[in-house]
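Notes follow once the structure below has been shown.
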Amino acid sequence: MKAVSTAIGYPYIGENREWKRYVEAFWKKDLSEADFALKMKELRLKQVKHQQSLGMDLVTTGDFTLYDRMLDVSTMFGMVPDRYGWQGGRVDVSTYYAMARGTADAVASEMTKWFNTNYHYIVPEYDGKTLQLTENYLLTHFEEAKNELGIITKPTLIGPYTFVQLTKGYDKTSKAAFVLQLISLYAAVIQQLADAGAEWIQLEEPAFAQSLDAEDVKLIQEIYKQLAQEAPEARLMLQTYFQALSAYGELSKLPVAGIGLDFVHGAEENMESLRTDGFPQDKVLGIGIVNGRDVWRADLAEKAEAIKAVLSLSDAQEVWIQSSCSLQHVPVTTQSETQLEPVLKNALAFADEKIVELTQLCAYAREGQWSGNKSVSESMEAIEALKQHEVRKNERVKKLVSEVKEEHFSRPMPFKERQSVQKQALQLPDFPTTTIGSFPQSAEVKRTRKAWRQSKMTNEEYAEFVRKETARWIRIQEEIGLDVFVHGEFERTDMVEYFGEKLTGFAFTEKAWVVSYGSRCVKPPIIYGDVEWTAPMTLKEVAEAQALTSKYVKGMLTGPVTILNWSFVRDDLSREQVANQIALALKEEVQALEQAGIAIIQVDEPALREGLPLRKEQWNDYLAWGVNAFKLATSGVKNETQIHTHMCYCEFNDFIEPIRALDADVISIETSRSHGELIDSLKQHPYELGIGLGVYDIHSPRVPDIEEIDTILNDSLAVISTEQFWVNPDCGLKTRGEEETVASLKNMVEAAKKLRRQK
Ligand code: GLN
Ligand code: ZN
């Protein structure tokens with residue numbers, strides 16, 4: 001049996017985020033273009049060499065990018081919108097970054113989430129221009145590894161079907177022309193790679209794991225038939241991930257040399273497909289067995305059993321033992337962590353450790369047995385030790401979770417009745433104005449927090465600083481004339497870390513960064529134990545703010561599903577169980593706020609949508625427990641207490657039912673970039689609970705004028721009644737400057753007042 005160890009991709013940021021440093025230095029002009037290109041090349045080669053030194057048989061290239069791999073494909077094919085003034089030929093890096101980040105004259109391309117991950121890609125725009133091959137960067141990367149390291153790599157690129165699915169700008173009539181041009185260019189790139197000596201070329205097709213109808217299947221078949229005709233020499237490895245391959249019966253017969261399947265997410269369905277349809281004996285089977293989405297050490301014995309089962313069902317002659325998806329979704333190496341407690345650290349595996357696991361599993365697959373290596377028992381012991389850790393044995397939490405009943409998922413009074421109770425109790429004007437929570441995190445706020453973190457400041461001094469900044473913004477809100485205030489979130493860095501540090505069961509790393517988009521990296525916390533509330537987390541800041549004003553100050557919390565989705569989560573419990581633990585902890589906080597007299601409490605769930613499974617038919621399962629977790633956290637309050645929530649990037653059309661199911665008294669949603677669309681969808685799907693449509697885009701420093709907000713408000717009146725109507729910006733203001741924030745909010749308040757006079 002031939003077995004090859006490989007990964008679908010590797011994190012490009014480097015152990016110390018060198019990649020980010022170079023990219024940002026180049027943006028700031030601290031690095032010349034030539035030096036930047038050199039640094040990038042050095043990093044690429046270092047990473048290829050490093051993976052090989054870990055024992056990996058087949059290293060991937062083309063997984064490295066200067067910003068985003070979808071953008072790499074767009075620019076490779078000359079899909080550069082006219083607004084960037086590109087004249088044809090090679091797409092230079094400044095045009096490349098203009099598309100990614102925008103310039104003074106041209107807005108950036110849209111960015112959106114990569115399937116069900118927290119990574120965001122740049123959405124390709126097709127504008128009808130003839131496509132052209134501008135530069136085959138994959139060839140460059142392949143040849144540099146071959147010539148300078150003597151390593152024959154496997155170039156990878158996003159597959160044509162997935163690329164088509166994620167591109168915007170074509171319609172039914174122009175689609176065929178777009179697809180045809182695209183296939184020829186893909187074929188040219190692939191053929192050049194094969195001519196240069198690439199033995200394998202990997203095409204990533206995560207869209208094959210989404211729901212596919214007959215028309216989609218037909219399009220895929222045509223694309224791959226055409227590719228095979230135009231690049232007959234190339235050996236293509238078709239990689240699917242994040243879910244089982246849809247339409248396996250048909251798609252496993254595509255004219256490619258290998259098919260990679262995810263045996264972590266979608267394992268059962270893929271196994272069932274192998275059982276019913278068998279595996280084509282002329283192809284190599286990629287067995288995605290090591291989880292590319294989590295940070296946990298694999299149970300090698302269990303994984304070996306799984307491989308055995310796949311082998312016996314598929315009868316494949318050659319297999320690749322690989323990660324379930326690209327390792328870009330996990331941090332680089334646990335070796336960079338010096339502060340984690342040993343039991344936890346020993347149970348973790350980041351990209352490098354996962355590669356070692358792949359080589360061990362590959363040896364097993366090759367030999368059909370474990371030959372005298374201790375890795376199996378070591379992995380078992382590490383996992384067992386974590387299981388026995390006292391952080392996983394919190395009896396109070398287990399009891400609380402076991403006592404959760406259906407009635408804890410709903411408020412005692414239906415919305416309509418609550419609405420009038422709250423109207424009476426709160427006495428807010430029509431069209432109440434508010435903000436989403438955070439105010440500008442100025443350089444001073446960031447500097448002070450850093451000093452405190454580095455112990456250059458006492459806890460008291462830091463608290464005093466936060467108190468002053470909060471008080472200053474209470475005054476500013478009074479001056480602006482807002483109706484419902486916030487404390488400003490100056491004590492928080494991000495929405496999850498702040499809470500994780502105060503709850504039990506969370507661990508924080510030093511260097512476990514993953515890219516969220518472009519050069520922005522996040523360091524998700526690791527939920528490894530039972531989550532328990534031990535003391536109020538937000539009460540002090542909110543109550544102090546409330547004491548300074550007679551206006552309402554909203555309590556401000558991050559919701560259970562968002563905390564879950566933005567963390568790496570223990571895998572010995574279901575996600576539902578962990579979500580309920582977090583929800584119960586938040587419920588305590590909600591109650592503490594309410595008892596202290598906070599009348600309005602906002603629980604943000606910006607990440608509810610991104611956790612949606614790839615297949616629509618699986619949405620309901622996820623939403624059922626996700627929505628319940630939110631309700632578990634928020635339903636224990638008095639009828640008078642008003643629960644708000646907030647969501648970003650919310651496509652209302654297919655999400656209105658879940659939003660309604662949250663039963664939040666008020667939701668604020670980020671929409672200002674496509675207001676017309678939102679109003680249309682509200683026409684089609686009437687919504688009756690409180691709602692604040694974001695009336696201006698906070699992602700830009702531009703100050704919206706009164707007339708412009710006024711128009712949006714008036715248009716919204718067609719679909720939203722006065723009783724439910726709130727007025728707010730579309731997201732938190734922490735990235736904005738003070739001056740523009742104040743000016744924008746003043747205009748917003750003026751527009752709301754105008755609307756009141758009009759009524
Ligand atoms: N309350 C948070 C803030 O204003 C919400 C952030 C978000 O929507 N992502 O910053
Ligand atoms: Zn938001």
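Keep in mind that what you see is a predicted model, and the values were worked out from it rather than measured. We count residues from 1, following the sequence as given.
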For the residue pair [X] and [Y], what are the closest heavy atoms and their distance?
X: Leu327; Y: Gly292; value: CD2-CA, 4.1 Å
X: Gly62; Y: Arg69; value: O-CD, 3.4 Å
X: Lys354; Y: Asn291; value: NZ-O, 2.8 Å
X: Lys283; Y: Ser252; value: CE-O, 3.0 Å
X: Pro124; Y: Ser74; value: CB-OG, 3.4 Å
X: Ser516; Y: Val522; value: CB-CG1, 4.0 Å

Test side-chain hydrogen bond (donor to acceptor under 3.5 Å, both in side chains) on Asp105 and Thr103; report intermediate values, then the result. CA-CA 5 Å; Asp105 314 312; Thr103 62; 4.8 Å; no

Pair Met237-Val256, side-chain contact (heavy atoms from CB on, under 4.5 Å): steps then yes or no: CA-CA 7 Å; Met237 182 67 176; Val256 290; over 6 Å; no

Counting only N and O atoms by type, is there a donor-acceptor contact under 3.5 Å from the side chain of [X] to the main-chain atoms of [Y]?
X: Trp296; Y: Val569; answer: yes
X: Glu357; Y: Ala298; answer: yes
X: Lys225; Y: Pro255; answer: no
X: Lys146; Y: Ala196; answer: yes
X: Ser5; Y: Asp57; answer: yes
X: Lys175; Y: Tyr170; answer: no
X: Lys154; Y: Ala7; answer: yes
X: Lys253; Y: Gly249; answer: yes
X: Asp63; Y: Tyr10; answer: yes
X: Arg235; Y: Glu199; answer: no

Salt-bridge present (Glu272, Arg275; N to O < 4.0 Å): yes

Run the salt-bridge test on Lys308 and Glu305 with the 4.0 Å N-O cut-off and return the result as yes or no. yes

What is the distance from atom [atom1] of [X] to atom [atom2] of [Y], rounded to the nearest 0.5 Å?
X: Leu193; Y: Asn136; atom1: CG; atom2: CG; result: 5.0 Å
X: Gln51; Y: Leu58; atom1: CD; atom2: CG; result: 10.0 Å
X: Ile289; Y: Leu261; atom1: CD1; atom2: CG; result: 11.0 Å
X: Arg575; Y: Tyr622; atom1: CZ; atom2: OH; result: 8.0 Å
X: Tyr248; Y: Phe208; atom1: OH; atom2: CZ; result: 13.5 Å
X: Thr240; Y: Ile259; atom1: OG1; atom2: CD1; result: 8.0 Å

Sub-4.5 Å side-chain heavy-atom contact between [X] and [Y]:
X: Gln192; Y: Phe142; answer: no
X: Leu251; Y: Tyr224; answer: no
X: Leu623; Y: Phe655; answer: yes
X: Cys325; Y: Arg293; answer: yes
X: Val561; Y: Val627; answer: no
X: Val514; Y: Tyr119; answer: no
X: Asp315; Y: Gln281; answer: yes
X: Gln243; Y: Asp262; answer: no

When you look at Met79 and Phe163, which way does the side-chain contact (heavy atoms from CB on, under 4.5 Å) test go after all the steps? CA-CA 12 Å; Met79 287 170 60; Phe163 189 77; 3.7 Å; yes

Assess the residue pair Asn118 and Asn565 against the criterion (side-chain contact (heavy atoms from CB on, under 4.5 Å)); give the C-alpha distance rounded to whole Å, side-chain angles, the decisive distance to 0.1 Å, and a yes or no. CA-CA 8 Å; Asn118 193 15; Asn565 283 346; over 6 Å; no

Pair [X]-[Y], side-chain donor/acceptor within less than 3.5 Å:
X: Ser273; Y: Asn270; result: no
X: Asp92; Y: Tyr97; result: no
X: Gln165; Y: Gln210; result: no
X: Arg615; Y: Ser246; result: yes
X: Asp68; Y: Thr65; result: no
X: Glu204; Y: Thr162; result: no

Just wondering, are more than 12 heavy atoms of other shown residues or ligands nearer than 6.0 Å to [atom1] in [X]?
X: Lys129; atom1: NZ; value: yes
X: Lys113; atom1: NZ; value: yes
X: Gln87; atom1: CD; value: no

Determine whether Val23 and Tyr67 satisfy the following criterion, side-chain contact (heavy atoms from CB on, under 4.5 Å), listing intermediate values before the conclusion. CA-CA 8 Å; Val23 169; Tyr67 194 92; 5.6 Å; no

Among Thr61, Thr6, Thr60, side-chain hydrogen bond (donor to acceptor under 3.5 Å, both in side chains) partner for Thr153: Thr61

Relative to each other, are the rings of [X] and [Y] parallel, tilted or perpendicular (30° and 60° limits)?
X: Trp200; Y: Trp320; value: perpendicular
X: Phe115; Y: Phe242; value: tilted
X: His120; Y: Tyr517; value: perpendicular
X: Tyr241; Y: Trp114; value: tilted

Given the rule in the side-chain hydrogen bond (donor to acceptor under 3.5 Å, both in side chains) test, do Gln226 and Glu230 qualify, once you have shown the distances and angles that lead to the verdict? CA-CA 6 Å; Gln226 193 67 30; Glu230 292 191 30; 2.9 Å; yes

Single hit among Leu212, Leu238, Leu203, Val179 for side chain to side chain contact (heavy atoms under 4.5 Å, CB included) with Tyr161: Leu212

Between Gln684 and Asp680, is a side-chain hydrogen bond (donor to acceptor under 3.5 Å, both in side chains) present by the stated rule, with each step listed? CA-CA 7 Å; Gln684 286 155 30; Asp680 279 347; 6.0 Å; no

